[in-house]
Number of protein chains: 2
Amino acid sequence: MTLKPVPKDSPKGESSPMYTISGLADEFGITPRTIRYYEEVGLLTSHRSTPTSHRLYDSRDRGRLKLILRGKRFGYSLAELAEILHLYDVDPTQKKQIKRTLEMGIKHLEEINEKIEELEELREEMIEFALSFLEIISEEKGDESDEMKAFIAGARAVVESMHGK
Amino acid sequence: MTLKPVPKDSPKGESSPMYTISGLADEFGITPRTIRYYEEVGLLTSHRSTPTSHRLYDSRDRGRLKLILRGKRFGYSLAELAEILHLYDVDPTQKKQIKRTLEMGIKHLEEINEKIEELEELREEMIEFALSFLEIISEEKGDESDEMKAFIAGARAVVESMHGK
DNA sequence: CTATAAACTTACGTTAACGTAAGAATCAGT
DNA sequence: ACTGATTCTTACGTTAACGTAAGTTTATAG
Ligand SMILES: [Zn+2]
Ligand SMILES: [Zn+2]
Ligand SMILES: [Zn+2]
Ligand SMILES: [Zn+2]
């Protein structure tokens, strides 16, 4: 009988969970190269026992990576993300940085609010269009099969349920 | 006295408003090159009197451009946008395309819904962080000027007002 | 009609964000 | 200690989405 397999991403002696580079890559559907690149441009950090050993990541690094990937999905460039994530790096005891950090943070929050509003507008537009599309093809009722009619009715129900939030 | 200046983007004899390429570019804060590029890759169309004359755009083209730019701001690639905007090109009398078009449209709508949820999560995370940040610097009350105190109070009010939607 | 201003085509240049390949080093299991 | 799987560094390659420059053509105002 072999030893209980230790979870690959939680090396034994450690107190907090640690992640390998390919562990994170697999989890987030990216490649190790991407993670190394983020470190290369100063967006992410890793921890090594010796300067030549393999990279390890703690849950804080993991959270930061998650934020980076999330930001990317909303069209932020890595440069913008570096600016935004700066908020998470500031030492709250350094009075000098506080004001600017808060200003930037609030500015970014307002940008996010605008983005949410715009996304909701986009959804509304698409919904309006889909509904008018459904309207048009319903008026052309003729050689439509029962299956097609059912499909159209189903589609209309789905779209309607999204309408008005 | 000169003639009443005709709006640059509404050539005289036309019934519906027409836009020039730089008119649209200025309006949306992009360059003519970008608009030509979108046409080059088949995302946008223009209308010309002769094959060599200047490009003109109607309000439908303008709306489409607006959608493209909006999509870009949410991280969609031009290829993805081409797929999404396909919904607007389909002939509703072509039974064959209807089903697939509706399926794609609903799929994209669901993606947008997920994006909105994710964006709201991101906002909540940032708000939580900002609040804890404000908490920390408030506990270190010592050599803070009145101006700084007021600033911090103001920031907290702003962030609080965003909290919980 | 002429002179600018805009727009056109063509084509090469640029940048961000990785991909990919090669060879060396490190780690994990036996 | 051996071995196969991972990871490492280095470095050149790639792609999307335009930027930019040059020379030409088309529109518009006087
Ligand atoms: Zn860390
Ligand atoms: Zn509506
Ligand atoms: Zn048109
Ligand atoms: Zn909360």
Side-chain angles (χ1 to χ4, degrees), chain A residues 1-14 18-44 46-57 65 68-83, chain B residues 1-14 18-44 46-57 65 68-83:
Chain A
M1 216 188 208
T2 73
L3 291 174
K4 250 208 207 121
V6 174
K8 269 247 167 109
D9 284 347
S10 304
K12 52 248 150 174
E14 297 301 322
M18 288 287 169
Y19 308 89
T20 68
I21 193 166
S22 58
L24 288 183
D26 287 353
E27 177 181 356
F28 292 115
I30 58 180
T31 70
R33 166 63 171 146
T34 299
I35 297 179
R36 287 192 204 103
Y37 181 71
Y38 291 164
E39 180 173 343
E40 201 180 319
V41 297
L43 260 179
L44 199 62
S46 61
H47 306 283
R48 316 198 205 196
S49 36
T50 96
T52 81
S53 74
H54 292 180
R55 277 168 252 251
L56 285 181
Y57 303 88
L65 174 60
I68 294 170
L69 297 174
R70 183 169 273 179
K72 285 226 68 190
R73 263 173 266 132
F74 299 121
Y76 288 108
S77 70
L78 297 189
E80 288 168 322
L81 287 171
E83 216 200 298
Chain B
M1 216 186 207
T2 72
L3 292 174
K4 251 207 208 124
V6 175
K8 270 245 166 112
D9 284 348
S10 304
K12 52 250 153 179
E14 296 301 322
M18 288 288 171
Y19 306 89
T20 67
I21 194 168
S22 58
L24 288 183
D26 286 353
E27 178 180 356
F28 292 116
I30 58 180
T31 71
R33 166 61 172 149
T34 298
I35 297 179
R36 286 192 204 103
Y37 181 71
Y38 292 164
E39 180 173 344
E40 200 180 319
V41 296
L43 260 179
L44 200 61
S46 60
H47 307 283
R48 316 198 205 196
S49 37
T50 97
T52 81
S53 74
H54 292 181
R55 275 169 252 253
L56 285 182
Y57 303 88
L65 175 58
I68 294 170
L69 297 174
R70 183 169 274 179
K72 284 226 68 192
R73 263 173 264 133
F74 299 122
Y76 287 109
S77 70
L78 297 188
E80 288 169 322
L81 287 171
E83 215 201 300

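Within every chain, numbering begins at 1; the chains are lettered A, B, ... in the order of the sequence lines, protein sequences first and strands thereafter.
- As a whole-Å value, the separation of A:Ile21 CD1 from C:dC27 C1' is 15 Å.
- Put simply, B:Thr52 has a side-chain N or O that comes within less than 4.0 Å of OP1 or OP2 on D:dT26.
- A:Glu39 and A:Arg48 make their closest contact through OE2-NH2, 4.4 Å (heavy atoms, listed as atom of the first residue, atom of the second, distance).
- The phosphate of D:dA17 has neither OP1 nor OP2 within less than 4.0 Å of any side-chain N or O from B:Lys72.
- What separates CZ of A:Arg36 from C1' of C:dA17 is a distance of 15 Å, to the nearest Å.
- Close to D:dT7, at under 4.0 Å from its OP1 or OP2, lies a side-chain N or O of A:Thr20.
- Close to C:dA7, at under 4.0 Å from its OP1 or OP2, lies no side-chain N or O of B:Ser53.
- Checking C:dA7, C:dC8, D:dT6 against the side-chain heavy atoms of A:His54 singles out D:dT6 as nearest.
- The separation between B:Leu44 atom CG and D:dC18 atom P is 12 Å, rounded to whole Å.
- To the nearest angstrom, C1' of D:dA5 lies 14 Å from CG of A:Asp26.
- B:Tyr38 has its side chain within reach of B:Leu69: a pair of non-hydrogen atoms, C-beta onward, lies under 4.5 Å apart.
- Checking C:dA17, D:dT26, C:dC8 against every side-chain atom of A:Leu78, the shortest atom distance belongs to C:dA17.
- Distance from the side chain of B:Ser77 is smallest to D:dA17 among C:dG19, C:dT9, D:dA17.
- OP1 and OP2 of C:dG19 both lie 4.0 Å or more from every side-chain N or O belonging to A:Tyr37.
- Side-chain proximity of B:Arg55 to C:dC8, D:dT7, D:dT20: nearest is C:dC8.
- Look at B:Thr34 and you won't find any side-chain N or O under 4.0 angstrom from OP1 or OP2 of D:dA17.
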